[in-house]
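All remarks here apply to the structure that follows.
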Amino acid sequence: MSKSVLILPGDGIGPEVMAQVRRLLDRIGGFSLSEGLVGGAAYDVHGTPLADDTMAQALKADAVLLGAVGGPKWDSLPFADKPERGLLRLRKDMELFANLRPALVFDALAGASTLKTDLVRGLDLMIVRELTGGVYFGEPRGIEDLPNGERRGINTQVYTTSEIVRVARVAFELARKRDSRVCSVEKANVMESGVLWREEITKLREADYTDVALSHMYADNCAMQLVRAPKQFDVIVTDNLFGDLLSDCAAMLTGSLGMLPSASLGAEDANGSRKALYEPVHGSAPDIAGQDKANPMACILSASMMLRYSFDMAAEADLIDAACQDVLNAGIRTGDIVESGMTPVGTVAMGDAVLAAMDKRSGG
Ligand code: IPM
Ligand code: MG
């Protein structure tokens, strides 16, 4: 049975990095690929950052692969039409509540981090970010006029027990396959939603995961610890907004946003499969779009996560990951990670190199 993948390249560098992923999926074979518009690209054609028809396709697909959304061209659009709303609708309507953001330092890139090499060498941490709740979606929200002529902007941080428990379960399960340590992050010192978060996760661990070590940390301290001693972490589980901030911070430890993939997962259905969307952590980088400069690795590694988590194709995912390592070890680098003495290449040549490394490994 062929696996249906909806490809949404999006804006900026999205289409060019996704083109490399398509080559790779064609090479592996067995997928039925379709393509749609999201973000500014969708707005320009349909007047909305995600057409209903595309949303319906996403709900039907076995997995969705997304490039990136946004750019200065659409900055002045009304809030509801902004490219980011397309991505947020996908997350919400597919109920992708668990966002997995690994921060992994490839040996060959340890020197590319802005932190001292020994602080990050061997770093392998996973941030599990809650993705469909919290202040991103909480009601009430909006901007209102006050009688005294002032205006008031409102967003609401809100979590229910079930929202906390289901994302915490994902974190505990992942930790079991890693170093069995979860650090839960909130601001229980100032926020009731944080108090509830801490209580529910503690209860869940006592009920079902006593084999996993659980610690708690305030979000501000976590930001500090991530740049002070990042290797202390195994799995971090946190809410939507803190996860947004901390995952960018963790990403930069690895030297380049151009290297980091992510997976967003929904609940398991009766057949044990989950709705899922895979996307690089980097944005649309409009400043370098269309110039064959972007690093396609984050998008390629997102496709690898798709094979691993949605299609049970661990061997193929391992092959892609290893091929990416080979390319880095060979000193073939896009501009974001190039160092002196290495071979600077563009997006397409980086894709060529990954494909060649795959062929070489599989004896082709
Ligand atoms: C991310 C991005 C998004 C977010 C934006 C593009 C809406 O920053 O995926 O981290 O804030 O979640
Ligand atoms: Mg972000």
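Values reported hereafter were calculated over all heavy atoms of this structure, with side chains retained and with hydrogens, waters and symmetry mates removed. Indexing begins at 1, ligand by ligand and atom by atom, following the structure's order. Quick caveat: nothing in here was measured; it's all calculated off a predicted structure.
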Original post:
In this structure, which one of Glu200, Glu206, Glu199 forms a salt bridge (charged side-chain N to carboxylate O under 4.0 Å, His left out) with Lys203?
Top reply: Glu200

Original post:
What's the shortest distance from atom 1 (C) of ligand 1 to any protein heavy atom, and which residue and atom give it?
Top reply: Arg101 NH2, 3.3 Å

Subject >> His282 heavy atom under 4.0 Å from ligand 1 >> reply: no

Original post:
Strictly under 4.0 Å, does any heavy atom of Glu279 approach an atom of ligand 1?
Top reply: no

Subject >> Protein contact of atom 11 (O) of ligand 1 - nearest heavy atom, named by residue and atom, plus distance >> reply: Tyr136 OH, 2.5 Å

Original post:
Is it true that some N/O/S atom of Asp244, main chain or side chain, lies under 2.8 Å from the Mg ion (ligand 2)?
Top reply: yes

Subject >> Pair Asp52 + Arg89: basic N to acidic O under 4.0 Å >> reply: yes

**OP:** Determine whether the side chain, the backbone, both or neither of Arg85 has a heavy atom under 4.0 Å from any heavy atom of ligand 1.
**Re:** neither

**OP:** Indicate yes or no: does Asp321 engage Arg308 in a salt bridge with an N to O separation below 4.0 Å.
**Re:** yes

**OP:** Search all heavy atoms of Gly71 against all heavy atoms of Pro286 and return the closest pair with its distance.
**Re:** CA-CG, 4.1 Å

Original post:
Are Arg85 and Tyr136 in a cation-pi setup, meaning NZ or CZ lies under 6.0 angstrom from the ring centre and within 45 degrees of the ring axis?
Top reply: no

Original post:
What protein heavy atom sits nearest atom 2 (C) of ligand 1, and how far off is it?
Top reply: Asp244 OD1, 4.0 Å

Subject >> Charged tip of Arg166 within 45° of Phe97 ring normal and under 6.0 Å >> reply: yes

Subject >> Nearest non-hydrogen protein atom, atom 5 (C) of ligand 1 >> reply: Glu84 CG, 4.2 Å

